[in-house]
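Read the numbers this way: they start at 1 and go in the same order the structure lists the ligands and their atoms. FYI, side chains are in, hydrogens and waters are out, and symmetry mates aren't considered; it's all heavy atoms of this structure. Remember, it's a predicted structure, so these values are computed and weren't measured experimentally.
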Amino acid sequence: MSQAIPVLILKEGSQRTTGRDARRSNIYAARVIAEALATSLGPRGMDKLLIDSFGNATITGDGATILKEIEVQHPAAKMLVEVAKAQDDEVGDGTTSVVVLAGQFLVRAGELLDEEVHPSLIVEGFEKAMEYAVKVIDEIAEPVDPFNREVLKNVASTALSSKIVAEYRDFLSSLVVDAALQVVEKKDGKYDLSLDNVKVEKKKGESIMETSLVKGIVLDKEVVHPAMPKRIEKARIALLDAPLEVEKPEWTAKINVTSPDQLRQFLEQEATILRSMVEKIKATGANVVFCQKGIDDLAQYYLAKAGILAVRRVKKSDMEKLARATGAKIVTNVDDISPDVLGYAELVEERKVADEKMVFVEGCPNPKAVTILVRGGAEHIVDEAERAVHDALSVVRNVIREPKIVAGGGAVEIELALKLAEFARKLPSKEQLAVLKYAEALEVIPSILAQTAGMEPVDVITELRRRHAAGEKWAGVDVINGRIADMLKLNVIEPALVKKQVIKSATEAAVMILRIDDIIAAAPPKEKKKGEEKKEEEEKTEGTSTSFD
Ligand code: ADP
Ligand code: MG
């Protein structure tokens, strides 16, 4: 054969990394992300100050939020970010743990790769280990009464203890449990709770201790016209997803007005249309209008004259909440408003909250509509408090869904490591290695917790292993007091559901990354000339110049 002719398959400038190098690069990237998050694990974890490209600062210790704010490049790192996001959507807590664990699984896998264990054997071993671990969690978890306030409060409090707002966790967890118990419902013989029913609204000002549970819906909006009533009792509510405006043509039309008469006629016609819209609404008996779109100045005036309280540009998600709460039907055309699509509330009122106006809808026929109005002195405090409330609500929901808890502080992870080591002994040798590495990887959680409390991780892990072998299944790291303790007795408890999800998601992420043996990266787009870039930028801003109040 003569000399081979090189065949070009990939586009010029593409980069390809294969086999061992691909894996190494992925493991390295995952490890960097995991290490970045590790220091913020648990109540003694550190917070991060994140500054985005616009200079906005966020202070948080919340894994999901950190990952959302930082922009990662490497595809493997991106996968971890996705997994954390999925964890947050699914169970609302345990995001830092997922990333830290996935990173550690990969580091341990890397050690096996160095010992020439084939990746597919590692994957098999890890998957077996995961299944077994989930089974063990189900066995060792403690069943609880899902309506026991104390238990729910402790679960919420544990989730809140790793937040910046931890000092308010007693107060906030009480509030969260009240809200949750208000909206819990029975579906097919099982209890569940939809987070859609709990609206979390925030307003900067006062202190976190002013955070309150409102039995109803709170909108971050004001009554649209000063002459409208600010308080309506026995409200008959219309929900309108259409503008109360005269439709303007899409294009700029030129109207040639040749006489003052013609102009008056034209304006009068517009006024007539708006007046008839308002009259239609009034005729149905509605005295409150929540409009998803805009309301024309003149329509506002007519509504005010009719004694109707109106709010414009209400968010879609709020419209849906209002519909559920008040029993109103959202209509997309003014002509469809009729007495039977109206909803009801005992009171709709605009109130001042921290110098800004908010609209409260209270005494709704559906008692399952509640709002937690989060307060806090500074922007980043209210933001973090809102995230904390979300996490706390999620964990309480998880326990109501599956009334089983486990103890925190790394207790579960050590117990799992021990049980997995026993399990490994029954497996063939290569898989055994993988399961043992998996078990060791789980110990990263108590190990980091120990570090955050200034304890010596190696000593702590040795002592924990000893205690667990002696049957103390809830022995863990009490980071607050810097000692080893029975975490169940300390009421540091978490939903079994969260722990199972952490294990599953972290393993899936690690396995997904291990299965990759080829990275093909397209060449980055060529740098544009200065002038071109500027032009594009201008075009972009032009297209996105819609702004609503
Ligand atoms: P994640 O995003 O994974 O939920 P967190 O920062 O909330 O991360 O930390 C959760 C970890 O902190 C869990 O392992 C939990 O058991 C542990 N933890 C929470 N409270 C305590 C405590 N008082 N003592 C020890 N560990 C705790
Ligand atoms: Mg947490």
Side-chain angles (χ1 to χ4, degrees), residues 33-34 36-48 60-68 80-81 83-104 137 154-167 169-170 172-173 176 384 387-396 398 405-416 442-455 460 464 474-503 505-506:
I33 292 287
L37 286 201
T39 54
S40 51
L41 186 74
R44 300 283 293 265
M46 293 294 166
D47 299 315
K48 311 263 177 211
T60 187
D62 184 62
T65 311
I66 297 171
L67 291 177
K68 220 181 287 164
L80 286 194
V81 175
V83 171
K85 203 171 148 277
Q87 174 80 14
D88 200 37
D89 295 343
E90 195 93 10
V91 290
D93 194 23
T95 48
T96 313
S97 306
V98 165
V99 174
V100 167
L101 255 187
Q104 193 64 17
I137 293 178
N154 287 332
V155 171
S157 183
T158 301
L160 289 171
S161 66
S162 51
K163 305 286 168 203
I164 291 180
V165 297
E167 57 178 303
R169 65 175 187 277
D170 227 31
L172 289 177
S173 54
V176 161
E384 179 75 2
R387 288 191 287 270
V389 163
H390 164 259
D391 281 22
L393 271 171
S394 307
V395 290
V396 167
N398 294 336
I405 52 114
V406 293
V412 196
E413 287 83 359
I414 289 281
E415 185 68 15
L416 289 177
L442 287 169
E443 290 177 342
V444 73
I445 300 287
S447 173
I448 291 173
L449 288 173
Q451 257 172 41
T452 64
M455 298 158 85
V460 170
L464 281 175
W474 298 132
V477 189
D478 168 11
V479 295
I480 304 295
N481 300 301
R483 58 183 181 147
I484 287 171
D486 184 313
M487 301 310 285
L488 189 65
K489 289 205 182 109
L490 288 181
N491 291 323
V492 175
I493 52 176
E494 298 176 84
L497 207 60
V498 172
K499 281 294 166 190
K500 285 192 278 186
Q501 194 60 44
V502 166
I503 300 273
S505 309

Task: Derivation and outcome, side chain to side chain contact (heavy atoms under 4.5 Å, CB included), residues Leu80 and Val98 - done: CA-CA 8 Å; Leu80 286 194; Val98 165; over 6 Å; no
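Of the inter-residue distances, the one linking Ser173 atom OG with Leu393 atom CG reads 11.0 Å to the nearest 0.5 angstrom. Between the CG atom of Asp93 and the OG1 atom of Thr158 there is a distance of 9.5 Å, given to the nearest 0.5 Å.
In this model, a donor atom of one side chain and an acceptor atom of the other lie less than 3.5 Å apart for Ser157 and Arg169. Donor-acceptor pairing under 3.5 Å is lacking for the side chains of Gln87 and Thr95.
The main-chain N or O of Ser394 is found under 3.5 Å from a side-chain atom of Asn398 such that the two form a donor-acceptor pair.
Around ligand 1 you find Ser40, Leu41, Gly42, Pro43, Asp93, Gly94, Thr95, Thr96, Ser97, Thr158, Ser161, Ser162, Gly408, Gly409, Ile445, Leu449, Val477, Val479, Ile480, Met487, Val492, Glu494, Lys499, each with a heavy-atom distance below 4.0 Å.
Excluding waters, the protein N/O/S atoms found under 2.8 Å from the Mg ion (ligand 2) are Asp93 OD1.
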Let me check something: any side-chain donor-acceptor pairs from residues 443-455 under 3.5 Å, sequence neighbours excluded? List them with distances.
from, atom 1, to, atom 2, distance (Å)
Glu443, OE1, Arg465, NH2, 2.8
Glu443, OE2, Arg465, NE, 2.9
Glu443, OE2, Arg465, NH2, 3.4
Thr452, OG1, Leu449, O, 2.7

What donor-acceptor contacts under 3.5 angstrom involve side-chain atoms of residues 478-489, with partners at least two apart or in another chain?
from, atom 1, to, atom 2, distance (Å)
Asp478, OD1, Ile480, N, 3.2
Asp478, OD1, Asn481, N, 3.3
Asp478, OD2, Asn481, ND2, 2.8
Asp478, OD2, Arg483, NE, 2.9
Asp478, OD2, Arg483, NH2, 3.1
Asp486, OD1, Leu488, N, 2.9
Asp486, OD1, Lys489, N, 3.1

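Electrostatic pairing of Lys163 and Glu384 does not count as a salt bridge here, judged by no charged N lying under 4.0 Å from a carboxylate O.
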